[in-house]
Participant: 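Just passing along the structure, written as structure tokens.
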2 protein chains.
Amino acid sequence: MPLHELPAYPRPSSRLAVVAAPPMCSSCSLKGLCLPAGLEAGAMKRLGELISCRRRIRRGDSLFTAGAPFRSIYAIRSGSLKSCVYSEDGQEQITGFPMAGELVGLDGIAHGQHVINAVALEDTEVCVIGFSMLEEIAGQVPQLQRQLHRLMSREIVGDRQFMMVLGTMRADQRVAAFLLNLSRRFESRGYSAAEFHLRMTRREIGNYLGIELETVSRTLSRLDDAGCIAVDAKLVRILDRSALVGLLAEPAR
Amino acid sequence: MPLHELPAYPRPSSRLAVVAAPPMCSSCSLKGLCLPAGLEAGAMKRLGELISCRRRIRRGDSLFTAGAPFRSIYAIRSGSLKSCVYSEDGQEQITGFPMAGELVGLDGIAHGQHVINAVALEDTEVCVIGFSMLEEIAGQVPQLQRQLHRLMSREIVGDRQFMMVLGTMRADQRVAAFLLNLSRRFESRGYSAAEFHLRMTRREIGNYLGIELETVSRTLSRLDDAGCIAVDAKLVRILDRSALVGLLAEPAR
DNA sequence: CGCTCTCTTGAACAGAATCAAGAACGGTGG
DNA sequence: CCACCGTTCTTGATTCTGTTCAAGAGAGCG
């Protein structure tokens, strides 16, 4: 069954935007990817205490916007987001497409208010984690502290590696790198690595990759013609993974 | 007196690469920028305890390389570095030019070993901060914990904002943004915002900005002709700051 | 059902890369 | 102190990748 038909998670029946039900990290299927990764039972219980509530964001709505006061970070339970920054003249730059199991909002720690915007690409649910409480408990539970640091560091590493994409790659390599990245992340969430649904538009992909939407479209068509992938609108199937990997190994721009 | 003639800090007379003398954050002129920023006396003392030693790196030598086990982070006392990642085929991507008062090595937390390389652009001195000890003391000193998180978050925010440069800007805008960024950072360290010395080559600037070194050279010449800046080899004077800022506001690529 | 947004594809154009050559600089050793 | 070498930098000519402009097809939504 293709990914886009799967209900990511059963919807709670409540229509409230904020869901009060205690989420319980220990029973969450994402615990291996998220903040509780590697925590022993006791530490996981402490972590559970501080997850005050869940919040649902409808497609197109913001989880937080630049300038908003920073109080919480968010663990994505289901769905996906785009995180983006805006220049003074309103130009958008998408800096990532966080998905289930990933943490967003870490940008707010620096100055006490968010610098980045997080917009839902589809209906999305997050666990709200009060940050001052998280810091307090992290001070008592070294495992949790370490995991928080690991995740922040991973963010830095990911950003740095993405600079390689923006700094050195041709358009077709950027698109290939993007598809391979999505594939890997879907796979580590238990979905197919070979077939997935793009939640973002060509324009958003292009913006993220530093190329125009027409170039994204053309590149996808060309990779399709070459038999590397099969594109049907937002549905992508990876037919020849090694060809994509090979593209990245090419001498580059 | 132009910046490049100023001795950044008095050199210790010892010729050893590792300097044992206790550095004392409280008396360091960079304490307002670095890890001790905002710490009260007690917390600063605890921080001082865990700075085991200083280390000097000669121009061209590495502070750490990708793959090296992660044990410490480093606070730059004087000098400057380039941090870079390499692809499997050896392609370099420079991800930043950290300077005095900034922290490097945070990339290592994620996987217990460094992912990034840090190479000295000039003779450089750093304070070595054992990370497990830092985490331990941060657990006891909330102020320090908060400051560590702030600095990691700042790293993330800076990376995201730099993606705007790589993703949306023309070559001349990238160069202008680069110069303005350097200017601001020199200024916050007490140096002139209008006149400074580039510690990196045109090739390194181009690599960082995702353009070719010829384009960097041409752009600098053009900005010079336009009267925005005066370039004499590695010495840059900013003559018309608002013109540079105006460039950034232009509709972009 | 019609509207808007998204996507694809083509043609012309432009900005930056590449190739090339010479000048300037910095370090080394005679 | 100066000649030499390699590296860095500048500048020009040419090429090419990707952008821009344009038009039509397709999909989603009220």
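So you know, we letter chains A, B, ... as the sequences are listed, proteins then strands, and number each from 1.
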Participant: D:dT11 P sits how many Å from B:L223 CG, rounded?
Facilitator: 13 Å

Participant: So, does B:K234 get its side chain near the phosphate of D:dC9, meaning an N or O under 4.0 Å from OP1 or OP2?
Facilitator: yes

Participant: Compare the minimum distances between each of C:dT8, C:dA17, D:dC9 and the side chain of B:R202, then state the nucleotide with the smallest one.
Facilitator: D:dC9

Participant: Assess whether one donor atom and one acceptor atom, taken from the side chain of B:R218 and the base of C:dG15, lie less than 3.5 Å apart.
Facilitator: no

Participant: At under 4.0 Å between heavy atoms, what does B:L220 touch on the DNA or RNA strands: base, sugar-phosphate, or nothing?
Facilitator: nothing

Participant: Relative to the 5' end of DNA chain C, which residue comes earlier, B:D232 or A:V216, by the nucleotide with the nearest heavy atom?
Facilitator: A:V216

Participant: Ignoring backbone atoms, establish whether B:S217 has a side-chain N or O less than 4.0 Å from OP1 or OP2 of D:dT8.
Facilitator: no

Participant: Toward the 5' end of DNA chain D, which comes first, A:A233 or A:R222, by nearest nucleotide?
Facilitator: A:R222

Participant: Would you say a side-chain N or O of A:R203 is under 4.0 Å from OP1 or OP2 of C:dC7?
Facilitator: no

Participant: Within the structure, does a side-chain N or O atom of A:T215 lie under 4.0 Å from either OP1 or OP2 of D:dT19?
Facilitator: yes

Participant: Hey, can you tell me if B:F186 and B:Y191 have their rings parallel, tilted or perpendicular (30° and 60° cut-offs)?
Facilitator: perpendicular

Participant: Check the distance between D:dT20's P and A:L213's CG and give it to me in whole angstrom.
Facilitator: 10 Å

Participant: Check if the side chain of A:E212 and the base of D:dC21 share a donor-acceptor pair of N or O atoms closer than 3.5 Å.
Facilitator: no

Participant: B:H114 vs B:F64 aromatic rings, parallel, tilted or perpendicular, using cut-offs 30° and 60°?
Facilitator: parallel

Participant: Has the side chain of A:R174 got a donor or acceptor atom sitting under 3.5 Å from an opposite partner on the base of D:dG18?
Facilitator: no

